[in-house]
Amino acid sequence: MRWGSGFTASGLAAGMRKHHELVWPASSKTVTLPQLTRRLPILAYTLRRLVILIASLLIAAIVLFVLLRLLPGDPANALLGVGATEAQIAAARSQVGSDQPLYTQFVSFIGNLARFDLGTSFVSRASVAGEIGNRMSVTLPLTFLGFLLALALAIPLGIIAAVRSDRWYGGLISVVSQLGIAIPVFWVGILLVTLFAINLRLLPSGGFPLRGWTNFGEAAVAMILPVLTIALVMAASVLRYVRAATLDVLGSDYLRTARALGSSFPQALIRHGLRNGAVPVISILGIELASTFLGAVVIERVFSLPGLGSMLLLAIQQRDYPNVQGVLFVSTLLVLLIGFAADLLQRFIDPRLRDRGAGTP
Amino acid sequence: MSLLSVQDVTFSYNASKRVLDGVSLTIEPGDSIGLVGESGSGKTTLLRLLLGLTRPSSGSITFNGTPLDPRSARFMRDYRRQVQVVFQDPYSSLDPRQAVLSIVSEPLRALRIPGDHRQMVSDALASVGLERNILGRYPHEFSGGQRQRIAIARAIVAGPSLLLADEAVSALDLSTRIRIVDLLKSLSEQMTLVFVSHDLGVVAALCQKIVILEKGRIVEAGATASILANPQHPYTQRLLSSVPRMPA
């Protein structure tokens, strides 16, 4: 078939010029960073976002430093018993650095953080970074496996709830997800323990092997109920967003057009729905993942898991300031990194946001 | 044999009100037909029926003598290869997160049309007056007129014999509208065109035949020139008198 070709592109000249500006000029050999960031908006955005990440981390460190110094009593007292002599207290203050002026303490604190030297625990005398690493081997799998399982549940169920919103099971999924949002996470944990550990005796009610993941089978079994608890609660919330995003896509002109052009409904939904629906959901996922990581302390308490949350609670009880400081700093870092990754992923998926890279973050 | 035949079609979203009532019309190969009516006259519903997106409550639609069967995937694949569509809004009918290559090649993939898709897309873009080097760009980088050209390229890339256009220029500014009408006029010389619009002026410039719809019924149909020169039905007369004119 032939088509008419008598149309000049003169009206498009301005638009084309804009396009050509984006093409790497063959003659240019050296490119400055500002030139590069103008040409690659996503790079500009990443750099800006990275600066904000570092600034946020610095602010968090300052807040952390100030808050811990606002606590009543001297950290050195935590090292000693109630019957310590003045000389012992002075020696302890010298050891933890609380006898130094505040600005000296602050410079030392920031310098140590920059080297990721989180100090040593007052109580165990072990490296805080090492202890956090050990505890992370429980908290990170708990959070990320819970997150992945939540996604595996929420995405298909959210899509079904939207696509079949006129059927009884579409409505049922919505109602159950509402209930899931209303129930507190510890309550879901207790219900699962009651069902699977106490009544059915299929799974342990809590605890984690002393040898950790080297005893893989036992560790994996110990993780099942905590992971399931996180997944169910998170899935209920994420499902609502997936459903709303899918409903938006279902009402879109481009989906209707795709069907009219020959795509089947599943084809059109996969091709247009997943990517378009993903953009609003990703920002929610970042928040959900961060809050789950921070909220893991509750799950670890319910299931007696030796994770980061339990470490923080114990450190607070023992007034082990280096541990408190270390856990809070690492948690803040992870939350900021999750937000950073979510923002970048959104830009990667959405070309309109990508081209707006030089704009507000 | 007619290309597309609509026989006594009725359609209603609920029992109380008919959106289309006893509509019959025949589209011959090479025709350019304008379906004209005010909002709510049923023209977009008729277009949806012609696209097979909705089934009529009663009556029949045949394509090349074969009844339109939206439930048959095989029939609909062949049908869509022959019948493609351009929708009204060039801003929302293009997926904002897909590049031009992916957008325009969608019918080729969906209809499993073999061949060099990249080349076919480039050819379709060239035929609507767009550069071939825009394949990697996204809809937000284009003006409304350019987007509508992309939508038209997508509609013709599979080589249809019938092009349906639903208010395809009403979302565009006047100068862009004129250029897109010129483009559609050129395309109508090579394929059958059904142009749905509330704008009599555009239809007069584009279509040889005209069908006037009022409240789901065809009130007048025939050659555009003769109907515009001598409208018989009061509704057509009202439509004509409502076309804005420049003061003398």
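These figures come from a predicted structure and were not determined experimentally. Sequence lines set the chain letters: A, B, ... in the order given, protein chains first and strands last, and positions in each chain run from 1.
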Atom CG of A/L250 and atom CZ of A/R243: how far apart are they, to the nearest 0.5 Å? 10.5 Å
Cation over ring, A/R352 on B/Y138, under 6.0 Å and within 45°? no
Chain B contact via A/S263 - which portion, at a heavy-atom distance below 4.5 Å: both
Please identify, among B/E189, B/R109, B/R81, B/Q88, the residue contributing the most non-hydrogen atom pairs under 4.5 Å to chain A. B/R109
Between chain B and each of A/I349, A/L261, A/V279, count heavy-atom pairs under 4.5 Å; write down the option with the most. A/L261
Chain B interface, residue from A/Q267, A/R256, A/R275 that has the most non-hydrogen pairs under 4.5 Å: A/R256
Applying a strict 4.5 Å limit to non-hydrogen atoms, the region of B/L53 in contact with chain A is side chain
Contacting region of B/R97 [heavy-atom separation from chain A under 4.5 Å]: both
Lys/Arg-Asp/Glu bridge criterion (N-O < 4.0 Å) met for B/R48, B/D166: no
Counting heavy-atom pairs under 4.5 angstrom with chain A, the leader among B/S102, B/A73, B/A155 is B/S102
As a quick check of understanding, evaluate side-chain hydrogen bond (donor to acceptor under 3.5 Å, both in side chains) for B/S93 and B/R147, giving each step before the final call. CA-CA 9 Å; B/S93 71; B/R147 289 184 202 204; over 6 Å; no
Please say which of A/T332, A/L57, A/L53 ends up in a side-chain contact (heavy atoms from CB on, under 4.5 Å) with A/L337. A/L53
From the list A/A260, A/S252, A/S264, the residue making the most non-hydrogen contacts under 4.5 Å with chain B is A/A260
So OG1 of A/T246 and CG of A/L269: to nearest 0.5 Å the spacing works out to 7.0 Å
